[in-house]
Amino acid sequence: MQPLPPEEARRDGAEDAQWSRPECQAWTGTLLLGTCLLYCARVSMPVCTVSMSQDFGWNKKEAGIVLSSFFWGYCLTQVVGGHLGDRIGGEKVIVLSASAWGFITAATPLLAHLSSAHLVFMTFSRILTGLLQGVYFPALTSLLSQKVRESERAFTYSAVGAGSQFGSHPGLGRLGARPAGVQAHQSSLETAFPKALRLGWVFNVVPWLVAIPASLFSGFLSDHLINQGYRTIAVRKFMQVMGLGLSSVFALCLGHTSSFCKSVVFASASIGLQTFNHSGISVNIQDLAPSCAGFLFGVANTAGALADCPGALGPPAPSAAGVVGVCLGGYLIETTGSWTSMFNLVAAVSSLGLCTFLLFGEAQRVDLSPTHEDL
């Protein structure tokens with residue numbers, strides 16, 4: 001019997017390492033819970049900042065330092081986390097990092113009262129939490145790209161990604177229930193959006209609840225279309241048309257209405273459709289190079305965390321609200337006195353990203369052989 005060519009041998013080995021259907025279901029549930037806990041820990045500080053500011057005498061600038069410090073760390077470990085996931089296994093990276101940031105989160109009350117330097121200790125703990133949580137999604141991408149069959153990849157990633165909505169909307173509801181004047185991200189009653197302040201929790205919670213079934217549906221639809229014979233790249237681009245194109249249309253509508261009910265509908269449609277990105281460009285990285293998908297996702301997510309506009313890529317998302325995008329959005333709102341310019345910016349950035357992907361997006365695997373199979 002002749003030995004298999006190296007390329008076929010690698011493919012067979014990769015298929016043998018993939019999860020069976022029961023294993024995939026168990027891992028999906030476990031990782032969904034992990035994503036949920038990740039976001040619960042992430043939104044805990046915004047929820048507590050108001051009370052901590054009152055207890056420790058922080059002004060808005062100092063509270064902003066504590067809140068933004070998370071992303072100082074978050075941007076630094078994306079590439080490292082993806083590379084480690086590709087080399088030693090994403091599950092190992094996730095377990096080790098989760099144990100560390102979980103301990104820091106549990107110890108936060110102790111750190112806050114460890115000394116009189118409350119601001120210094122809390123800022124340091126948030127930076128460290130960001131460093132540790134920054135490895136999660138790149139390592140997750142690496143794990144799923146190596147363990148999940150191509151025919152189940154979009155639904156699995158979308159299901160796990162839905163944990164961000166499960167973990168975020170309780171905290172967002174708490175923030176929305178407070179008077180707008182004491183929320184960390186709002187400077188005055190005049191700039192609050194939407195205007196129905198007492199129903200702010202509805203606006204903060206309902207769209208994220210809608211995003212959960214939308215995310216699951218997008219994954220199911222993507223895998224179904226591919227299994228029906230549609231080209232992978234065509235499906236990925238269709239998902240991006242929904243996730244960036246159509247969602248930006250509803251974002252524009254959101255910026256041109258004063259009706260609270262319409263605002264909730266438009267926001268729900270926009271945020272729900274943004275979850276289609278999970279079955280588009282997020283999974284496309286796994287199509288291209290499963291063996292180094294974690295590293296590539298880390299590079300892309302670092303760029304997103306630095307430059308993304310709030311909401312342009314979905315939930316309080318893997319890439320989070322970008323540093324540049326937040327500053328630019330805040331400048332536009334302060335300059336124009338209207339949220340319309342903010343939503344116009346979101347739509348413009350989304351449209352630019354969509355056009356780029358439609359023009360240059362591919363789904364040919366490039367990490368095994370110079371001979372590519374056109375999907």
Using atom types as modelled and distance alone, determine if a side-chain donor or acceptor of N284 lies under 3.5 Å from a backbone N or O of E362.
yes
Determine whether D223 and E150 satisfy the following criterion, side chain to side chain contact (heavy atoms under 4.5 Å, CB included), listing intermediate values before the conclusion.
CA-CA 8 Å; D223 287 340; E150 293 182 12; over 6 Å; no
Set of ring pair (Phe, Tyr, Trp, His ring centres under 6.0 Å) partners for H83, sequence neighbours left out
none
Apart from I88 itself, residues in the same hydrophobic cluster as defined by side-chain heavy atoms under 4.5 Å
V80, L84, V93, V135
Any chance you could measure T129, atom OG1, to F103, atom CZ, to the nearest 0.5 Å?
11.5 Å
Side-chain heavy atoms under 4.5 angstrom apart, residues restricted to Ile, Leu, Val, Met, Phe, Trp, Tyr: same cluster for L221 and L273?
yes
Sequence neighbours excluded, which residues qualify as side-chain contact (heavy atoms from CB on, under 4.5 Å) partners of L33?
L37
Any side-chain to backbone donor/acceptor pair from N59 onto E62? Under 3.5 Å, distance only.
yes
Which heavy atom of I271 sits nearest a heavy atom of P207, and at what distance?
CD1-CB, 3.6 Å
Sub-4.5 Å side-chain heavy-atom contact between Q286 and L144
yes
Test item: I281 and L244 side chains (from C-beta on) under 4.5 Å apart, heavy atoms:
no
For a 4.5 angstrom cut-off between non-hydrogen side-chain atoms, does V241 reach K237?
no
Determine yes or no for a side-chain-to-main-chain donor-acceptor pair under 3.5 angstrom, with S145 supplying the side chain and S142 the backbone.
yes
Among residues at least two apart in sequence or on other chains, which ones pass side-chain contact (heavy atoms from CB on, under 4.5 Å) with A214?
T275
Just by distance, do the side chain of S158 and the backbone of L216 share a donor-acceptor pair under 3.5 Å?
no
Should we say atom CZ of F295 is surrounded by more than 12 heavy atoms from elsewhere, each under 6.0 Å from it?
no
Just by modelled atom types, is the A347 backbone N or O under 3.5 Å from a matching donor or acceptor in the S350 side chain?
no
Would you call the rings of F220 and H224 parallel, tilted or perpendicular, taking 30° and 60° as the class edges?
parallel
Can you confirm whether S282 sits close enough to Y157 that some side-chain heavy atom of one is under 4.5 Å from a side-chain heavy atom of the other?
yes
List the steps and the verdict of side chain to side chain contact (heavy atoms under 4.5 Å, CB included) for M45 and F70.
CA-CA 10 Å; M45 184 56 67; F70 173 88; over 6 Å; no
If only atom types and distance count, is the side chain of T108 paired as donor or acceptor with the main-chain N or O of I104 below 3.5 Å?
yes
Is it true that a side-chain atom of Q78 and a backbone atom of V299 form a donor plus acceptor pair closer than 3.5 Å?
no
Mind checking what makes salt bridge (charged side-chain N to carboxylate O under 4.0 Å, His left out) contact with R126, not counting sequence neighbours?
none
Just by modelled atom types, is the G294 backbone N or O under 3.5 Å from a matching donor or acceptor in the D86 side chain?
yes
Looking at residues at least two apart in the chain, or sitting in another chain, which of them share a side chain to side chain donor-acceptor pair (under 3.5 Å) with E23?
S20
All side chain to side chain donor-acceptor pair (under 3.5 Å) counterparts of E152, not counting sequence neighbours
R21
As a quick check of understanding, evaluate side-chain hydrogen bond (donor to acceptor under 3.5 Å, both in side chains) for T35 and S164, giving each step before the final call.
CA-CA 6 Å; T35 305; S164 62; over 6 Å; no
Interatomic spacing from OG1 in T356 to CD in Q240 - rounded to 0.5 Å
11.0 Å
For I226, the side-chain contact (heavy atoms from CB on, under 4.5 Å) test, sequence neighbours excluded, returns S222, T232, V235, R236
Residues which pass side chain to side chain donor-acceptor pair (under 3.5 Å) with S215, listed by chain and number, not counting sequence neighbours:
H278
Run the side chain to side chain contact (heavy atoms under 4.5 Å, CB included) test on L131 and W101 for me, step by step, so that the C-alpha distance in whole Å, both residues' side-chain angles and the decisive distance to 0.1 Å come before the verdict.
CA-CA 9 Å; L131 287 169; W101 62 252; over 6 Å; no
Can you name the side chain to side chain donor-acceptor pair (under 3.5 Å) partners of S248, sequence neighbours left out?
none
Side chain N277, main chain Q274, donor-acceptor under 3.5 Å
yes
Mind checking whether E91 and W27 have side chains closer than 4.5 Å, heavy atoms only?
yes
Holding to ring pair (Phe, Tyr, Trp, His ring centres under 6.0 Å), I want the full list of residues that pass it with F56, two or more places apart in sequence or in another chain.
W58, H113, H118
Which heavy atom of S291 sits nearest a heavy atom of Q146, and at what distance?
O-NE2, 4.2 Å
Min side-chain heavy-atom separation F137-L38 under 4.5 Å:
yes
I'd like to know if the side chain of S270 reaches the main chain of A267, judged simply by a donor and an acceptor atom lying under 3.5 Å from each other, with no hydrogens or angles considered.
no
Can you list the residues that meet the side-chain contact (heavy atoms from CB on, under 4.5 Å) rule with I65, with sequence neighbours excluded?
W72, T123
Can you find a heavy atom in the side chain of H169 that is under 4.5 Å from one in the side chain of L209?
yes
Pairwise side-chain contact, L31 with L143, heavy-atom cut-off 4.5 Å (strictly under):
yes
Checking R149 against W19 for the side chain to side chain contact (heavy atoms under 4.5 Å, CB included) test, could you report, in this order, the C-alpha distance in whole Å, the side-chain angles of both residues, the deciding distance, and whether it holds?
CA-CA 8 Å; R149 293 181 174 88; W19 293 326; 6.0 Å; no
